[in-house]
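Here is the structure we will look at.
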Amino acid sequence: MFFETNDGTRLAYEDYGQGRPIVFVASAMLCSDMWEYQIPYFVERGYRCIALDRRGHGRSDRPSTGYDMDTAADDLAVLIERLDLREVTLVGHSMGGAEIARYLHRHGDERIARIALVSAMLPFMRQTDDHPEGIPGAILDASIASLDADRPKWLARQAQAFFATHLGNDVSPAQVEFTMRQCLEVSPWAVRQSQRNVVNFDHRATLPEINVPTLVVHGAADFSAPIDVTGRRTAKLIPGAVYHEYPTAGHGLFVSHRDQLNDDLLAFITGR
């Protein structure tokens, strides 16, 4: 299924089940297919699950513009409004979590019941004079340059770390390879623009404005979004946030820790 954004870009989404809506927002380089271990779980428990392919990803159009945080937030808003969704639970992974935070700042929480930020690229990745806790710019820039120079090599080098298989997480080589192939199917232009925008966007001033119940889930072994820079600080900035830290999880905990994540999401949604 498809809808048109404010600038005429055609975006794809999937819609399963009936009941209270959960909207899943994927990470950069992945699409709605990344949620294959979450969507059936929640549909079987009486929820309507909607998953978006952001522009440049999955089955959506691949325009040359619109990979900034504000446009991503506006695209999400159009989907929610077109489907007239209310009492929504928003679940975002990595860049998807950052897009959810930006959505709340730009569009408010009238339609939103709660949010879950999973391995989110928040609040601010880059080290600056007023943000010494961030990742040094030279490291971020070198990583982006390596991505630009040889995207398959960059992904292959990080594939095992993505799931923290060195800590004994049961993720098959086939699953690792499958996830890498999904990442390579994304528009190279979208990857370049999205990576630059997500690491350089500063959400520190707006996270304390979030008023809806918030769950923050992060892996202590996250190589892509180091927990001291992201998850722990995000949980402190959002008033009343519920925080779950998985000691052996990397960035790809939606696969490696799928059962724990699903149970934690369900408990959060149901207020258990």
Side-chain angles (χ1 to χ4, degrees), residues 19-27 35 38 41-42 45-50 52 69-70 72-73 76-77 80 85-125 130-134 198 201-222 224-247 249 251 253-254 257-272:
R20 287 180 291 169
I22 305 173
V23 176
F24 292 91
V25 188
S27 60
W35 302 109
Q38 282 70 50
Y41 176 91
F42 285 98
R45 286 159 177 78
Y47 292 90
R48 179 183 180 187
C49 293
I50 299 149
L52 172 66
M69 284 289 114
D70 288 347
L76 178 59
I80 291 170
L85 302 177
R86 299 182 185 277
E87 291 296 306
V88 177
T89 297
L90 291 174
V91 179
H93 179 264
S94 193
M95 183 176 176
E99 290 170 354
I100 287 172
R102 197 62 185 164
Y103 165 88
L104 290 174
H105 177 70
R106 288 176 66 81
H107 298 278
D109 57 18
E110 180 182 357
R111 294 176 177 267
I112 309 304
R114 64 191 65 80
I115 65 171
L117 306 173
V118 181
S119 309
M121 292 282 195
L122 291 167
F124 183 28
M125 301 294 291
D130 71 338
H131 185 238
E133 304 90 348
V198 74
F201 200 94
D202 187 351
H203 299 264
R204 287 177 296 167
T206 57
L207 290 188
E209 300 172 357
I210 294 177
N211 292 317
V212 296
T214 301
L215 172 67
V216 177
V217 178
H218 218 97
D222 194 324
S224 304
I227 194 167
D228 286 330
V229 178
T230 56
R232 290 171 181 162
R233 297 187 63 227
T234 297
K236 291 178 181 178
L237 285 171
I238 299 175
V242 176
Y243 181 57
H244 290 294
E245 185 172 305
Y246 297 176
H251 203 55
L253 55 80
F254 58 94
H257 293 66
R258 70 187 78 168
D259 294 336
Q260 185 177 359
L261 175 62
N262 291 346
D263 289 346
D264 284 344
L265 286 171
L266 183 62
F268 175 64
I269 292 170
T270 58
R272 293 205 311 258

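Keep in mind it's a predicted model, so treat the numbers as computed, not measured. Below, each value reflects all heavy atoms present in this structure, side chains not excepted, and no hydrogens, waters or symmetry copies.
Residues Ser119 and Phe254 form no side-chain contact, since every pair of their non-hydrogen atoms from C-beta on lies 4.5 Å or further apart. Within the 4.5 Å cutoff, no side-chain heavy atoms of Asp228 are placed close to those of Arg233. Within the 4.5 Å cutoff, no side-chain heavy atoms of His203 are placed close to those of Leu237. Side-chain atoms of Ile238 and Leu117, non-hydrogen and from C-beta on, do get closer than 4.5 Å to each other. The shortest distance between side-chain heavy atoms of Tyr103 and Ile80 falls below 4.5 Å. Looking only at side-chain heavy atoms (C-beta outward), Val91 and Gln38 stay at 4.5 Å or farther from each other.
Applying the side chain to side chain donor-acceptor pair (under 3.5 Å) test to Asp109 and every residue at least two apart in sequence or in another chain returns nothing. Residues forming a side chain to side chain donor-acceptor pair (under 3.5 Å) with Asp263 (at least two apart in sequence, or on another chain): Tyr41. Here Asp130 pairs with Thr128, Arg204 under the side chain to side chain contact (heavy atoms under 4.5 Å, CB included) rule; sequence neighbours left out. For Arg86, the side chain to side chain donor-acceptor pair (under 3.5 Å) partners are Asp84, not counting sequence neighbours. For the side chain to side chain donor-acceptor pair (under 3.5 Å) test, no residue two or more places apart in sequence or in another chain qualifies with Gln260.
Taking every heavy atom of both residues into account, Ser224 and Met125 meet most closely at O-CE, 3.9 Å. The two residues Val229 and Pro123 come nearest to each other via the heavy atoms O-CD, 3.5 Å. Ala120 and Gly97 make their closest contact through CB-CA, 4.0 Å (heavy atoms, listed as atom of the first residue, atom of the second, distance). A pairwise comparison of heavy atoms in His131 and Phe124 identifies CE1-O, 2.9 Å as the closest pair. When every heavy atom of Arg111 is checked against every heavy atom of Leu85, the shortest pair comes out as NH1-O, 3.0 Å. Residues Phe24 and Phe42 come closest through the heavy atom pair CZ-CD1, 4.2 Å.
His244 pairs with exactly one of Val118, Asp264, Leu265 by the side-chain contact (heavy atoms from CB on, under 4.5 Å) rule, that one being Asp264.
We find the OG1-CD1 distance between Thr89 and Ile269 to be 4.5 Å, quoted to the nearest 0.5 Å. In this structure, CG in Leu261 is found 11.0 Å from CG in Leu266, a value given to the nearest 0.5 Å. Separating the CG atom in Asp70 from the CZ atom in Phe201 is a distance of 5.5 Å, to the nearest 0.5 Å.
Not one N or O on the side chain of Glu99 forms a donor-acceptor pair closer than 3.5 Å with the backbone of Gly92.
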Worksheet item: Given the rule in the side chain to side chain contact (heavy atoms under 4.5 Å, CB included) test, do Arg232 and Tyr243 qualify, once you have shown the distances and angles that lead to the verdict?
Response: CA-CA 8 Å; Arg232 290 171 181 162; Tyr243 181 57; 3.3 Å; yes
Item to complete: Kindly indicate, with the supporting measurements, whether the criterion side chain to side chain contact (heavy atoms under 4.5 Å, CB included) is fulfilled by Ile112 and Ile100.
Response: CA-CA 10 Å; Ile112 309 304; Ile100 287 172; over 6 Å; no
Donor-acceptor contacts, no H, no angles, side chain residues 214-221, under 3.5 Å, sequence neighbours left out:
| residue | atom | partner | partner atom | Å |
| --- | --- | --- | --- | --- |
| Thr214 | OG1 | Val212 | O | 3.0 |
| His218 | NE2 | Asp222 | OD2 | 3.3 |
| His218 | NE2 | Ala225 | O | 2.8 |
| His218 | NE2 | Thr230 | OG1 | 3.0 |

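Classification of the Trp35-His93 ring pair by plane angle, with boundaries at 30° and 60°, yields perpendicular.
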